[in-house]
Amino acid sequence: MKTLPLFLILAATLVTPKVHADMTAPSNTQSAQQSHPYVGMWVTEDRHVRHELLPNGRYDEARGTRESAYQGRYEVRGNHIDYWDDTGFTADGEFRDGVLYHGGMVFHRQE
């Protein structure tokens, strides 16, 4: 078996893109995701749906007594949010006047 020269191995290591734990390439907005003003817990008025936007670009949604009912990644661009559920489901929403409108539901930031 022939081995590659060390400089080729090092060059390949330097140009290999980093990959997230969910095996998707990082987006250009990853660093912006960590500091956007919408990170935190969002809840419906009756608190039945609790939607946490995590600073690492992931979300965790609870429904009733079912914790972590839905999980996935999200990206915020301006006031628009896109979701990619770990099961392949996609959705979006919009922030207006401190309120998140998503999936026909209205969420307020949990204080």
Side-chain angles (χ1 to χ4, degrees):
M1 182 166 121
K2 190 173 184 180
T3 60
L4 291 173
L6 182 58
F7 76 91
L8 286 177
I9 295 170
L10 291 174
T13 303
L14 293 174
V15 298
T16 302
K18 294 187 185 221
V19 177
H20 287 217
D22 65 0
M23 301 305 290
T24 59
S27 72
N28 293 335
T29 60
Q30 180 184 4
S31 60
Q33 291 297 121
Q34 296 173 356
S35 62
H36 70 75
Y38 303 125
V39 166
M41 182 66 77
W42 295 82
V43 299
T44 55
E45 186 175 338
D46 62 4
R47 297 194 42 81
H48 181 76
V49 181
R50 297 165 312 281
H51 192 93
E52 186 173 12
L53 300 178
L54 303 168
N56 64 355
R58 302 273 304 161
Y59 73 90
D60 190 330
E61 184 175 301
R63 300 249 175 158
T65 59
R66 186 174 168 212
E67 296 296 322
S68 299
Y70 299 98
Q71 296 176 317
R73 65 183 180 92
Y74 72 92
E75 286 187 9
V76 173
R77 287 182 209 91
N79 290 332
H80 184 84
I81 185 168
D82 288 300
Y83 300 91
W84 295 269
D85 186 270
D86 289 343
T87 65
F89 178 79
T90 60
D92 66 350
E94 185 177 331
F95 295 93
R96 289 191 312 254
D97 299 322
V99 177
L100 169 58
Y101 298 88
H102 161 66
M105 295 177 280
V106 177
F107 292 84
H108 296 276
R109 185 184 291 280
Q110 179 177 305
E111 299 299 327

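Small disclaimer: the values here were computed from a predicted structure and weren't measured.
- A centroid separation of 6.0 Å or more is found between the aromatic rings of His102 and Tyr59.
- Glu75 places a side-chain heavy atom less than 4.5 Å from the side chain of Trp84.
- Separation of atoms CZ (Arg66) and NE2 (His48) is listed at 10.0 Å; rounding is to 0.5 Å.
- A 4.5 Å side-chain heavy-atom check between Arg58 and Asp86 finds at least one atom pair inside the cut-off.
- Under a hydrophobic-cluster definition in which Ile, Leu, Val, Met, Phe, Trp and Tyr are linked whenever side-chain heavy atoms come within less than 4.5 Å, directly or via other members, Tyr70 and Met105 are assigned to the same cluster.
- For the pair Arg96 and Tyr101, the distance from NZ or CZ to the six-membered ring centre is under 6.0 Å and the angle to the ring normal is within 45 degrees.
- Taking both residues in full, the closest heavy atoms of His80 and Gly93 are given as ND1-O, 3.4 Å, listed atom of the first, atom of the second, then distance.
- Asp46 and Val49 get closest at one heavy-atom pair: OD1-N, 4.4 Å.
- Note that the CG atom of Leu53 and the CZ atom of Phe107 stand 9.5 Å from one another [nearest 0.5 Å].
- A distance of 9.0 Å separates NE2 in His108 from CH2 in Trp42, rounded to the nearest 0.5 Å.
- Contact annotation: the side chain of Asn79 approaches that of Tyr38 to within less than 4.5 Å [non-hydrogen atoms, C-beta and beyond].
- Looking only at side-chain heavy atoms (C-beta outward), Glu52 and Gln110 stay at 4.5 Å or farther from each other.
- At distances below 3.5 Å, at least one donor-acceptor pair connects side-chain atoms of Tyr74 with backbone N or O atoms of Leu54.
- In this structure, OG in Ser68 is found 10.0 Å from CZ in Arg50, a value given to the nearest 0.5 Å.
- Side-chain contact check for Glu61 versus Tyr83: every heavy-atom pair is 4.5 Å or farther apart.
- To the nearest 0.5 Å, the span separating CZ on Arg73 from CG on Asn56 amounts to 12.0 Å.
- Interatomic distance, Gln71 CD to Asp60 CG, rounded to the nearest 0.5 Å: 4.5 Å.
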